[in-house]
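I have placed the structure first, in the form of structure tokens, so that the comments after it can refer back to it.
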Amino acid sequence: MTKNFKQTTLVKSWRRILPSVENTLIGEEEEEVSAFDLANFSKSFTGGENVDEENINEWINCDVNDPELERLSDEQIVSGALGTVSESEGEEEENDEVNEVKQVSHEAALQHIDGIIIYLEEQDDTTLCDKMLLKKLQSQVKKKSFQTKKQQLVTDFFADK
């Protein structure tokens, strides 16, 4: 079985192996190169003497059955990049267990903001606007933290035992 593929694919593959390969194989139009031609070409390199057409076809088809290296449509690539889920994938996820989202506490958020503020103050290229924005966020988180806390009464310390 002989498989044909684009010449630029071969050139790019050889450039990765041998960066010194010149542009002698690139023409104006893309033409198909057979595995036989590639095997003959590889014999001109050190270590390529034992390469035959079967080796070339095996190399090209080595990832065909790998489920992680499947060909994706343009829609799948875009939805993956945007983080959206297609209808068929959404149905599969409904059947799976629901992943619980762990909420970050106000105290943990405040610690992280404090760390970022300290980091930015150590940097020379930080603008005043960046620092003021973080200070504003810090005050908002502190306010929410204080609102969620309950103040104890003095009488709570003298509970009957």
Side-chain angles (χ1 to χ4, degrees), residues 1-138 140-141:
M1 176 176 128
T2 301
K3 181 166 179 158
N4 293 334
F5 37 90
K6 294 180 182 175
Q7 185 175 4
T8 54
T9 304
L10 294 176
V11 172
K12 289 176 183 177
S13 299
W14 279 108
R15 280 193 185 146
R16 286 188 179 189
I17 297 170
L18 300 169
S20 62
V21 173
E22 296 293 324
N23 295 334
T24 56
L25 294 178
I26 298 178
E28 290 295 320
E29 71 281 342
E30 292 186 9
E31 62 182 65
E32 300 281 325
V33 177
S34 69
F36 177 77
D37 294 335
L38 184 57
N40 286 337
F41 179 69
S42 67
K43 290 180 182 180
S44 65
F45 297 101
T46 306
E49 298 87 14
N50 298 328
V51 176
D52 60 3
E53 187 176 353
E54 183 179 333
N55 298 128
I56 299 297
N57 284 325
E58 181 181 331
W59 172 60
I60 291 172
N61 296 321
C62 69
D63 297 328
V64 169
N65 296 326
D66 192 347
E68 293 180 7
L69 299 175
E70 63 182 311
R71 289 190 180 263
L72 300 176
S73 67
D74 290 341
E75 292 81 22
Q76 290 171 320
I77 293 170
V78 170
S79 67
L82 296 176
T84 57
V85 179
S86 67
E87 292 177 13
S88 61
E89 292 173 355
E91 293 171 3
E92 292 174 5
E93 288 184 9
E94 288 176 5
N95 296 333
D96 295 341
E97 293 180 17
V98 177
N99 293 334
E100 295 182 24
V101 177
K102 186 177 178 182
Q103 283 190 323
V104 178
S105 68
H106 296 296
E107 287 76 20
L110 194 56
Q111 286 177 340
H112 291 295
I113 291 174
D114 290 341
I116 293 172
I117 289 172
I118 291 169
Y119 170 78
L120 288 178
E121 287 175 348
E122 294 173 353
Q123 303 301 312
D124 295 333
D125 58 345
T126 305
T127 63
L128 181 61
C129 182
D130 293 337
K131 291 178 186 177
M132 291 182 67
L133 175 66
L134 282 171
K135 292 285 186 179
K136 181 179 178 182
L137 287 173
Q138 183 184 41
Q140 289 174 353
V141 172

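- Listed by chain and residue number, Ser145 satisfy the side-chain hydrogen bond (donor to acceptor under 3.5 Å, both in side chains) test with Glu107 (two or more places apart in sequence, or in another chain).
- Listed by chain and residue number, Asp114 satisfy the side-chain hydrogen bond (donor to acceptor under 3.5 Å, both in side chains) test with Gln138 (two or more places apart in sequence, or in another chain).
- The side chain to side chain contact (heavy atoms under 4.5 Å, CB included) test applied to Thr46 returns no partner, not counting sequence neighbours.
- The minimum heavy-atom distance between Gln76 and Ser79, with the atom names listed, is O-OG, 3.1 Å.
- Here the CD1 atom belonging to Ile113 is positioned 11.0 Å from the NZ atom belonging to Lys135, to the nearest 0.5 angstrom.
- Other residues, nucleotides and ligands contribute more than 12 heavy atoms inside 6.0 Å of the CD atom of Gln140.
- By the 6.0 Å contact criterion, CD on Gln103 is open, its count of non-hydrogen atoms from other residues, nucleotides or ligands being 12 or less.
- Residues Ala39 and Ser42 approach most closely at O-OG, 2.7 Å, considering heavy atoms.
- By the side chain to side chain contact (heavy atoms under 4.5 Å, CB included) test, Leu133 pairs with no residue at all, sequence neighbours left out.
- Ile56 has its side chain out of reach of Glu53: every pair of non-hydrogen atoms, C-beta onward, lies at least 4.5 Å apart.
- The side-chain hydrogen bond (donor to acceptor under 3.5 Å, both in side chains) test applied to Asn55 returns no partner, not counting sequence neighbours.
- Residues Leu137 and Leu134 have side chains in contact (heavy-atom distance under 4.5 Å, counting atoms from C-beta outward).
- Legend: residues meeting side chain to side chain contact (heavy atoms under 4.5 Å, CB included) with Ala109, ordered by chain and number and at least two apart, are Val104, Val141.
- Interatomic distance, CG of Leu120 versus CG of Leu128, reported as 11.5 Å (0.5 Å rounding).
- Annotation: side-chain hydrogen bond (donor to acceptor under 3.5 Å, both in side chains) contacts involving residues 115-125, sequence neighbours excluded, are absent.
- Scored by the side-chain hydrogen bond (donor to acceptor under 3.5 Å, both in side chains) test, Asn40 finds no partners at all (sequence neighbours excluded).
- Every pair tested for salt bridge (charged side-chain N to carboxylate O under 4.0 Å, His left out) that includes a residue from residues 37-48 fails, sequence neighbours excluded, so the list is empty.
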